[in-house]
Structure formats: structure tokens, C-alpha cells
Enquirer: 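Below is a structure I'd like to ask you about.
Note that the coordinates shown come from a computational prediction; the quantities given were computed from them, not determined experimentally. Naming convention: chains lettered A, B, ... in sequence-line order (proteins, then strands); numbering from 1 in each chain.
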2 protein chains.
Amino acid sequence: MSQRTVISLESIRVACKNCTLSSLCLPMGLAQEDVERLDDIVKRARPLHRGDSLFREGDKFRSLYVVKTGSVKTFAPSQEGGEQVLGFHLPGEIIGLDAIDKDVHACSARVLETSAICEIPFARLEELTANIPSLQHQMYRLLSKEIGQDTDMLLLLGKKNAEERLAAFLLSLSQRLHKRGLSPSDFYLSMSRHEIGNYLGLAVETVSRLFTRFQEDGLMQVDRKHIQLVDLPALEALVKGVGQGRDKQQQPG
Amino acid sequence: MSQRTVISLESIRVACKNCTLSSLCLPMGLAQEDVERLDDIVKRARPLHRGDSLFREGDKFRSLYVVKTGSVKTFAPSQEGGEQVLGFHLPGEIIGLDAIDKDVHACSARVLETSAICEIPFARLEELTANIPSLQHQMYRLLSKEIGQDTDMLLLLGKKNAEERLAAFLLSLSQRLHKRGLSPSDFYLSMSRHEIGNYLGLAVETVSRLFTRFQEDGLMQVDRKHIQLVDLPALEALVKGVGQGRDKQQQPG
DNA sequence: CGCGCGATTGAGCTATTTCAACCCCTGTGG
DNA sequence: CCACAGGGGTTGAAATAGCTCAATCGCGCG
């Protein structure tokens, strides 16, 4: 038993090395030596289970987290017990960047399924980046990328209808899984319809109806949490706004 | 004439120094010497006019921009000539952080009224931050803050109704202007109703009707672009969701 | 002084929400 | 091994917030 545990931890450790690499050092530029320095500060992860918290709103900010396997949702309280789901985080993705500013977490992170998560103490990472210019650059890129993604989401919530939102959501999952070497067209949702709706600014019922409709239209197969995207191109067409968006505004000047 | 020009530029230069200071070095931590080094790389600004572009979508990323006076909107094309307004940027605010990742601007920035804008070549800033840990930290905070703001916006678009959105928008302007020493309750809008609606994910007509209603309800005075917020507390109550939001979801675990 | 665009206002229209009932897994305990 | 409870999911019907269309207004500018 303890033997098994050790092996298991080590395998996580190794995998963790990989995920740190791909998240933080995407386009290379790091010397082997630096990669190891970076890796040294990454804490090995225990497996976490559905419902476990990475951190809660109000917690002091100490670390960034990288999803190795599994998935995590982040959410912030809105009013009166309600919550806004801010994101779903898949393997290779990083969590906690929004807390650097105030040094306090403004949202909570909860594990959606059994997951392995790496922890990166931010203070140590910061020291490291001060000494490795290319790593500093990666950090800037990482933060900037997060802004870009939020921007995409703003566009989604501001301009797209229910159909387009769900299609965009499915495609986003598809692409992100694909990037990690998983099937882009056959996967299991780790989040509930309710959480999807919350994330997309839609009622649960709307999400449910759309799943049904998409299936009827031959775009996908749905069996509970099991999703198969049958017609990727059609979904893409949906998102691009073949059902055109509002606002044809053109600005002078 | 050339005499006047020199004076004018110099005054901008000085003001620019201030705005750089307050944006990048908010909670101090920079030695006087470092502040000067930072200031040395900031390019002095020519006054820009309504309709002028700071950059356009697709442009190579070179610099960040800080609004000294005036205002700027950023926007991205959505589909078919439509655009999504991503933000309005007031004095002291920084523009362009989202472009670091891809080294290309994903959105355009256009000046809404005669404005003075400082330019900070990012490459030079990056060098500087590598040598000044506290400045590096400020940069991280700056980027992180931007993420936090986007998150707030997601919450707004995902969970709030028209009334709450407009109230939140007005209060945001109010607070940001106040932070710069301007009146929090009496100001001029530099953007059109159309742009406000676009930004908030509402139709122009809805914005217009809400302005009228808010005025009828004694929350504010509206005269074209001239806004006077009469009852700040009431507006705050509106945003907080006295008109409660949807979604009472509580998660197990 | 007239043109034109931004803003306002009115009146239906519709996408989406809300409310409500029901179904179907899943897991639990007898 | 089966009955039952409970939560998530689906489906239908009614309600509605906000959009669209359309007309009018009025300021600002040439």
C-alpha cells in the first residue's frame, strides 16, 4: 500500500513537470538548467476529489495552480447566495492569476472530478522570473493570454445568442482537449448543465433544450455527460454567426 | 508658435510622469532613481483627437498606452462589420496588455475625445522590470488587475439585467473619475448611447429608456452627454441586486 | 437655414426565462 | 434484490425583459 502510494506520487510528479513546462514555457526559450529550477519550486500534487477546494474567495493568495488531470471550476459569489461560474479549467491550464493584484483570492476554485493539481508558490516563482528574463516574458504572456480569453468571453456574453454560446462552449472544450492530445469530438462533461448555464449566462432549461436541438439537428450526440461532436464544421459555422449577431455599428473617424 | 508648442509638450511630459507613476507604481516600492529610469522610457504624447487610432486589430504590438487626459475606447470586430466595445479607458488607465501574448493587437483602440496619451515601449519596460523587482511586481499586479476587471464584467454580462448593468456602468465611471480627483457625480460622457449599449450588451433604445427612467426616478439628471448622479446610494443598491439576480445555485461538496 | 445623425419614444415581437410537472439515473437501506 | 428518495435533467406552457422596427425629435454643423 505505501509502496503503491509512493509510485503514484512520483508519477504525478513527473507528469507535473510536463504540465508546468507546457503552461509556462510554451515556446521554449528556457535553458535546461532554468527549467529545472522552475520545476524545483513546483509542489507535488496529491489527488483531489470532486468538491475539494483549491482556495476560497477571501483566502490569502499564495500559489498558482496548474491542472494536471481532471478539471476545476472557478466561481465568484454574485448576490444572495447565487454564484457566477467564471471558468472551467482543463489539464494544462493555470488558476489563480487574478489574485496577484490584491494578494487575496476574489473567487473560489473547486475540483469537479478526481484531479491532480500542481501548486506553484507565487513568491518563489516571482523570484525566479526576476532572474530569468525569458521566464518573465512567459509570465507576462500568460497573464496577457488570460486577459485575451476573458475578452473573448465578453464578446460571447455581450453579442451572442443562446445557440451560439453553447456552440462556442462546446468548441472551446473540444479544442482545449485536443491540444492536450485528447479526443476533440468525444468527451465527458465534468460539470452539470446548471454550471454550464451559469457560465454561459443561460437558464438550465435553455441549455438542456439546446442539447436536445443540437442532437436533433445532427450536430452532436448527447448521452448524459457523454458528448460526441458529430459535425464540428457546422458548430463552427454556428459560432461564426451564420445566425448573425446584433449591432452593425460602424464608427466614423 | 513653436514656443507655445514646446511649452505645451513639456506640460504633457510632466503630467505624463504623474500618470505613469500612479498607474504603474501605485503602492510605491520604487526608489526615486528607478522611477526616473521608468520615466525615461515613456514617450511624450502628442494630443490626439476624436477618431484617431492608437492601434488597430492586427497591428504588431510595440507599446502600452496610458491615458493622461481624455478617453479611449477599445473594441474588437465581432461578425459582419459589427463590433464589440471592450472597454472605455479614462485618465490613469492603461491599454494594450492583452496584446503581449500574441505580440499582435487583437483589438483596436480609438480616441473618443481630444486626449493626451503616453506610450511605453514594452520591450524597454520589460528590460526595466527584469532589473527592478518591485517594478516587476507592479507589472504582475497590473496584469492581474486587468483580469479581475474582466471578471467583474463577466459577472455583469452574465447575471445582471439592463437596469443593473447601466447602474454599474455609471458607478464605475463615477468611481474611476473620482479616483483621479474629478467629480464623481457630475461628468460628461465621451461615448455615444450606442457605444454604451454595445459595451453593456444592450440595445441603444434600452439604454436610452433607462436613462429616462433613472431620471424620472430621481437617480440622476441627464442632459445629452452631461450626467449628474443625484442619488449614488440608490444606484449602488440597484447594482447590489436589490432587484435580485438569478441563480440561487448552491454546490454540494 | 436645412441636413443628418444621435437620441428618444412607441408598439409589437420573440428569444429566453420562469414555473411546474415529470422522468430517469444512482445510490441507499431495508 | 428491490423499493424508494433525491438530484440532475428534460419537457411543456405561460410570462416577460429586452429587441426590433418605425416614427419623431432636436441638437450641431456646414
Enquirer: Counting only side-chain N and O atoms of Lys225(B), is one of them less than 4.0 Å from OP1 or OP2 of dC27(D)?
Expert: no

Enquirer: Bend across the helix from dC1(C)-dG30(D) to dG30(C)-dC1(D), to 10°, with axes taken over 5 pairs at each end?
Expert: 30°

Enquirer: Extract from the structure each pairing of a protein N or O with an N or O of nucleotides 21-27 of chain C at less than 3.5 Å, listing the distance.
Expert:
none

Enquirer: Taking atom C1' of dA17(D) as reference, at what distance in whole Å does atom CG of Asn161(A) sit?
Expert: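 Rounded to whole Å, this separation is 16 Å.
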
Enquirer: Tell me the interatomic distance from Lys159(A), atom NZ, to dT20(D), atom C1', rounded to whole angstroms.
Expert: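 From Lys159(A) NZ to dT20(D) C1': 15 Å.
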
Enquirer: Tell me, please, which residues at least two apart from Asp217(B) pass side chain to side chain contact (heavy atoms under 4.5 Å, CB included).
Expert: Arg213(B), Leu219(B)

Enquirer: Starting at CD of Glu236(A), measure out to CD of Gln175(A) and round the result to the nearest 0.5 Å.
Expert: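 Reported value, rounded in 0.5 Å steps: 6.5 Å.
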
Enquirer: Could you tell me how far apart Asp223(B) (CG) and dG26(D) (P) are, to the nearest whole angstrom?
Expert: 13 Å

Enquirer: Which of parallel (below 30°), tilted (30 to 60°) and perpendicular (above 60°) describes His105(A) and Phe55(A)?
Expert: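 Ring orientation of His105(A) relative to Phe55(A): parallel.
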
Enquirer: How long is the line joining NZ of Lys160(A) and C1' of dA15(C), in whole Å?
Expert: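 In whole Å, dA15(C) C1' and Lys160(A) NZ are 17 Å from each other.
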
Enquirer: Take the protein atom CE of Met191(B) and the nucleotide atom P of dA7(C), then report the distance between them rounded to whole Å.
Expert: 11 Å

Enquirer: Can you name the side chain to side chain donor-acceptor pair (under 3.5 Å) partners of Arg224(B), sequence neighbours left out?
Expert: none

Enquirer: With a 3.5 Å distance limit and no angle check, can you tell me whether Ser115(A) reaches the backbone of Glu113(A) through a side-chain donor-acceptor pair?
Expert: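 Yes, Ser115(A) side chain to Glu113(A) backbone: donor-acceptor pair under 3.5 Å.
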
Enquirer: I need the minimum non-hydrogen distance between Asn198(A) and Val85(A), along with the two atoms involved.
Expert: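 That closest heavy-atom pairing would be OD1-N, 2.8 Å.
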
Enquirer: For His226(A), which residues count as a ring pair (Phe, Tyr, Trp, His ring centres under 6.0 Å) partner, sequence neighbours excluded?
Expert: Tyr188(A)

Enquirer: What is the distance, rounded to the nearest whole Å, between atom CG of Leu202(B) and atom P of dA7(C)?
Expert: 15 Å

Enquirer: Taking atom P of dG6(C) as reference, at what distance in whole Å does atom CD1 of Ile196(B) sit?
Expert: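 Interatomic distance, CD1 of Ile196(B) to P of dG6(C): 13 Å.
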
Enquirer: Name the residue from Lys73(B), Arg56(B), Arg110(B) that meets the salt bridge (charged side-chain N to carboxylate O under 4.0 Å, His left out) definition with Glu83(B).
Expert: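 Going through the options one by one, the only one that passes is Lys73(B).
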
Enquirer: Looking at CD of Gln149(B) and CG of Asp98(A), how far apart are the two atoms once the value is rounded to the nearest 0.5 Å?
Expert: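 Interatomic distance, Gln149(B) CD to Asp98(A) CG, rounded to 0.5 Å: 12.0 Å.
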
Enquirer: Distance check needed: dG18(D) P versus Glu164(B) CD, whole Å only.
Expert: 9 Å

Enquirer: Taking only heavy atoms on the protein side, list every residue of residues 203-217 of chain A lying under 4.0 Å from any atom of DNA chain C, sorted numerically.
Expert: Ala203(A), Glu205(A), Thr206(A), Arg209(A)

